[in-house]
Amino acid sequence: MMVGDWMFHGLDELTGGHRTFLNCTRDALVRGLLTRLPPSTVLELLETVEPDKEVLAACRRMKALGYQIALDDFQHCEKMEGLLALADYVKVDFRLSDKEERREIIRRLKSNATMLVAEKIETNEEFEMALEEGFRLFQGYYLARPKIFSKRKISTHGVNHLRRLAARS
């Protein structure tokens, strides 16, 4: 939905020019379908994306084009090392991890330039705990609820973008 709205209205209008985290599938990443997005987009790889050779190569290509990579619902395991080396953001789900797991993730990433994001922060207690543990970026209902908005007018420019994307598929 966000990509469709971006094509019709412009991503800067939708996001106020802020960095945008966009969930991406393995298929969209590997097939290069995300290169039409502005480089301010952070490509958020879901935990279901397996870090195989194709995915790692696609992530390297996207980073070379100026995109950033985020790992969603991160839980450390050896197979994630390749993606972890490419990640700009690591999102840690406070509902899926305990304090010890988070401490280990923070310890492992301390020497990296990777930004840690505490996600699913839904209470003041979780926010305070995340601050205390060293997180500096936060996401969750405690901070803000999603806003629903709509646009009625579709520009000719947006329609042309949609046609070009459809032709590539």
Side-chain angles (χ1 to χ4, degrees), residues 1-7 10-122 126-127 129-144 146-147:
M1 182 185 279
M2 181 72 160
V3 173
D5 284 346
W6 163 69
M7 293 177 74
L11 193 58
D12 284 340
E13 183 180 339
L14 292 171
T15 65
H18 296 285
R19 188 167 306 285
T20 304
F21 284 69
L22 182 71
N23 289 348
C24 63
T25 64
R26 179 193 191 285
D27 188 49
L29 182 65
V30 170
R31 289 180 55 200
L33 300 178
L34 304 170
T35 59
R36 300 266 186 225
L37 295 168
S40 61
T41 307
V42 178
L43 306 175
E44 189 169 332
L45 278 64
L46 300 177
E47 63 279 6
T48 56
V49 175
E50 288 293 321
D52 59 31
K53 289 179 184 178
E54 286 181 303
V55 167
L56 292 172
C59 286
R60 284 187 203 97
R61 281 192 304 274
M62 296 305 286
K63 286 191 66 78
L65 293 171
Y67 294 90
Q68 291 186 315
I69 305 291
L71 304 180
D72 190 34
D73 292 344
F74 183 78
Q75 293 184 311
H76 191 269
C77 61
E78 195 170 319
K79 73 177 184 177
M80 296 301 289
E81 289 298 324
L83 277 179
L84 198 53
L86 296 168
D88 299 284
Y89 298 89
V90 170
K91 297 176 76 175
V92 180
D93 187 328
F94 263 61
R95 300 288 159 148
L96 294 177
S97 62
D98 62 26
K99 188 172 185 167
E100 281 304 312
E101 290 171 308
R102 292 190 300 271
R103 184 179 294 149
E104 181 61 19
I105 291 169
I106 292 166
R107 187 189 68 73
R108 286 183 176 272
L109 297 178
K110 203 169 200 151
S111 62
N112 291 9
T114 307
M115 304 263 311
L116 287 166
V117 181
E119 68 174 336
K120 295 200 180 139
I121 301 298
E122 297 183 10
E126 289 170 336
F127 180 69
M129 187 182 313
L131 274 172
E132 184 180 301
E133 291 176 13
F135 288 89
R136 296 295 173 255
L137 296 175
F138 312 91
Q139 180 182 30
Y141 287 147
Y142 174 70
L143 303 157
K147 293 180 183 176

May I ask you to test the Leu116-Ile105 pair for a side-chain heavy-atom distance under 4.5 Å?
yes
Give every residue pair that meets the salt bridge (charged side-chain N to carboxylate O under 4.0 Å, His left out) criterion with at least one member in residues 51-61, sequence neighbours excluded.
Arg26-Asp52, Arg26-Glu54
Pairing residues for [X] by the side chain to side chain donor-acceptor pair (under 3.5 Å) criterion, not counting sequence neighbours:
{"X": "Asp72", "result": "none"}
{"X": "Lys63", "result": "Asp88"}
{"X": "Tyr141", "result": "none"}
{"X": "Arg107", "result": "Glu104"}

Going from [atom1] on [X] to [atom2] on [Y], what distance comes out if it is rounded to the nearest 0.5 angstrom?
{"X": "Glu133", "Y": "Arg103", "atom1": "CD", "atom2": "CZ", "result": "7.5 Å"}
{"X": "Leu137", "Y": "Glu119", "atom1": "CG", "atom2": "CD", "result": "12.0 Å"}
{"X": "Leu34", "Y": "Asp27", "atom1": "CG", "atom2": "CG", "result": "9.5 Å"}

Got a list of side-chain donor-acceptor pairs under 3.5 Å for residues 42-51, not counting sequence neighbours?
residue	atom	partner	partner atom	Å
Glu44	OE1	Lys91	NZ	3.2
Glu44	OE2	Lys91	NZ	2.9
Glu50	OE1	Lys79	NZ	3.1
Glu50	OE2	Lys79	NZ	3.1

Nearest non-hydrogen partners of Ala130 and Ile121, listed with the distance
CB-CD1, 4.1 Å
Non-hydrogen atoms of Asp93 and Lys120 that approach each other most closely
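So the minimum-distance heavy-atom pair works out to OD2-NZ, 2.9 Å.
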Results of side chain to side chain contact (heavy atoms under 4.5 Å, CB included) for Ala87 - residues two or more places apart only
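Leu71, Val90.
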Partners passing side chain to side chain contact (heavy atoms under 4.5 Å, CB included) against Leu65 (at least two apart in sequence or in another chain)
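Counting only residues at least two positions away or on another chain, Leu65 forms a side chain to side chain contact (heavy atoms under 4.5 Å, CB included) with Thr35, Met62, Tyr67.
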Could you walk me through whether Met80 and Phe74 pass the side chain to side chain contact (heavy atoms under 4.5 Å, CB included) test, one step at a time?
CA-CA 9 Å; Met80 296 301 289; Phe74 183 78; 4.0 Å; yes
If a pair satisfies ring pair (Phe, Tyr, Trp, His ring centres under 6.0 Å) and one of its residues is in residues 77-107, list it, with sequence neighbours excluded.
Phe21-Tyr89, Phe94-Phe135
Tell me every residue that passes salt bridge (charged side-chain N to carboxylate O under 4.0 Å, His left out) with [X], counting only those two or more places apart in sequence or in another chain.
{"X": "Glu132", "answer": "Lys99"}
{"X": "Asp98", "answer": "none"}
{"X": "Asp73", "answer": "none"}

Any carboxylate oxygen within less than 4.0 angstrom of a Lys/Arg side-chain nitrogen, looking at Glu122 and Arg95?
yes
